[in-house]
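Structure first, then comments.
Order of appearance sets the numbers: ligands from 1, and atoms from 1 within every ligand. Along the sequence shown, residues carry numbers from 1.
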Amino acid sequence: MEYWRISPSAILRAVTSTIAIVGGTGAEGRGLARRFVQAGRTVIVGSRQAERARAVAGEINDELTTSLVSGAENAEAARPADVVVLTIPFEGMAEAVRPLAAALEGKSVVSAVVPVEFVGGVPRLLHVAEGSAAQRLQALLPESRVIGAFHHLGSHTLADLEQPVAADVLVCGDDVAAKREVMALAGELPGVRAIDAGLLESAGYIEAFTVVLLRINRRYRAHAGLRITRLPESALAGDEA
Ligand SMILES: NC(=O)c1ccc[n+]([C@@H]2O[C@H](COP(=O)([O-])OP(=O)(O)OC[C@H]3O[C@@H](n4cnc5c(N)ncnc54)[C@H](OP(=O)(O)O)[C@@H]3O)[C@@H](O)[C@H]2O)c1
């Protein structure tokens, strides 16, 4: 099966909802943008510089032979979007999102941010007073519905469009409707199962485990992902925790 092809049903989905990616010019944001487009979503790549965002959008459109991707400065990208995904480094997060608060009001805002530093090449989790990057984001954006997701999908895996993503995505959040929306979105990626990982406070454990995954990948020179085993498939179709 050629996973890079955009199916007719996916093209239909594109007209119904738009995803903005704040920090979409980086490795993770580009990877998610490609995969969302592959799933038929319309994507707006965000950047601190509109020109850079437009250039990345053009590259993705050329690569996927589509016009589903546009680029804009972060706030302009977020404003018309239904769901906004944040893929910027933790260090710049607070400063970057404050000016976006109005554009993000009432929206589902997905944090894939991992508070990590590399000491001599070894990843370490940074302490976050609120418990996690996602919880800090919720504190910064009280009028938005913050959801944690996509932490365990590495940019290398996302970039290889010839292969399905083939991994589980742990999704956590306090707003049930927003969590369902993001789970549905994650489930559109090829080979991805979205798993309800509970309330937003789970983000601390999810972010921390990403550091373990990074260490495993460093040890084995791999791009491993995550699979949760022995969950009943019937339950996966249904309720949140
Ligand atoms: N890379 C992965 O495999 C991976 C996997 C899972 C989760 N994540 C998480 O996803 C996030 C992005 O990862 P990445 O590897 O794509 O990072 P990155 O390339 O270093 O940064 C992504 C984008 O964020 C913007 N940015 C950088 N510094 C910023 C700052 N101080 N303030 C505002 N915007 C800034 C830049 O866009 P502009 O310069 O165009 O504004 C950059 O292209 C991180 O939080 C990371 O923990 C990454």
- Task: From the options Arg52, His156, Glu28, His152, select the one whose nearest heavy atom is closest to atom 4 (C) of ligand 1.
- Result: Glu28
- Task: Mind listing the closest non-hydrogen atom pair of Ala33 and Val45 along with its distance?
- Result: CB-CG2, 4.4 Å
- Item | Sub-4.0 Å atoms of ligand 1 with respect to non-hydrogen atoms of Ala27 | 16 (O), 19 (O)
- Message: So that I can tick it off, tell me whether Arg193 and Glu233 are bridged by a salt bridge, with the cut-off set at under 4.0 angstrom between side-chain N and carboxylate O.
- Response: yes
- Scanning both residues in full, the closest heavy-atom pair of Ala194 with Gly187 reads CB-N, 4.3 Å
- Task: Pull out every atom of ligand 1 sitting under 4.0 Å from any heavy atom of Leu153, numbered as shown with elements.
- Result: 5 (C), 6 (C)
- Provide the number and element of each atom of ligand 1 under 4.0 Å from a heavy atom of Ser47. 38 (P), 40 (O), 41 (O)
- Message: Quick check on contacts: which atoms of ligand 1 are under 4.0 angstrom from a heavy atom of Gly154?
- Response: 3 (O)
- Query: Once the angle between the rings of His156 and His223 is folded into 0 to 90°, is it parallel (under 30°), tilted (30 to 60°) or perpendicular (over 60°)?
  - Reply: parallel
- Among protein heavy atoms, which lies nearest atom 46 (C) of ligand 1, and at what distance? Val114 N, 4.1 Å
- Item | Nitrogen or oxygen of Gln49 less than 3.5 angstrom from that of ligand 1 | no
- Which residue supplies the protein heavy atom nearest to atom 32 (N) of ligand 1, what is that atom called, and how far is it? Arg48 NH1, 3.5 Å
- Item | Proximal ligand 1 atoms for Ala96, defined as those under 4.0 Å from one of its heavy atoms | 33 (C)
- If every non-hydrogen atom of Ala103 is compared with every non-hydrogen atom of Ala75, which pair is closest and at what distance? CB-O, 3.9 Å
- Query: Quick one: which ligand 1 atoms are inside 4.0 Å of a heavy atom on Gly92?
  - Reply: 30 (C), 31 (N), 32 (N)
- Task: Heavy-atom contacts with Ala112 under 4.0 Å: which atoms of ligand 1 show up? List them by number with element.
- Result: 7 (C), 8 (N), 9 (C), 10 (O)
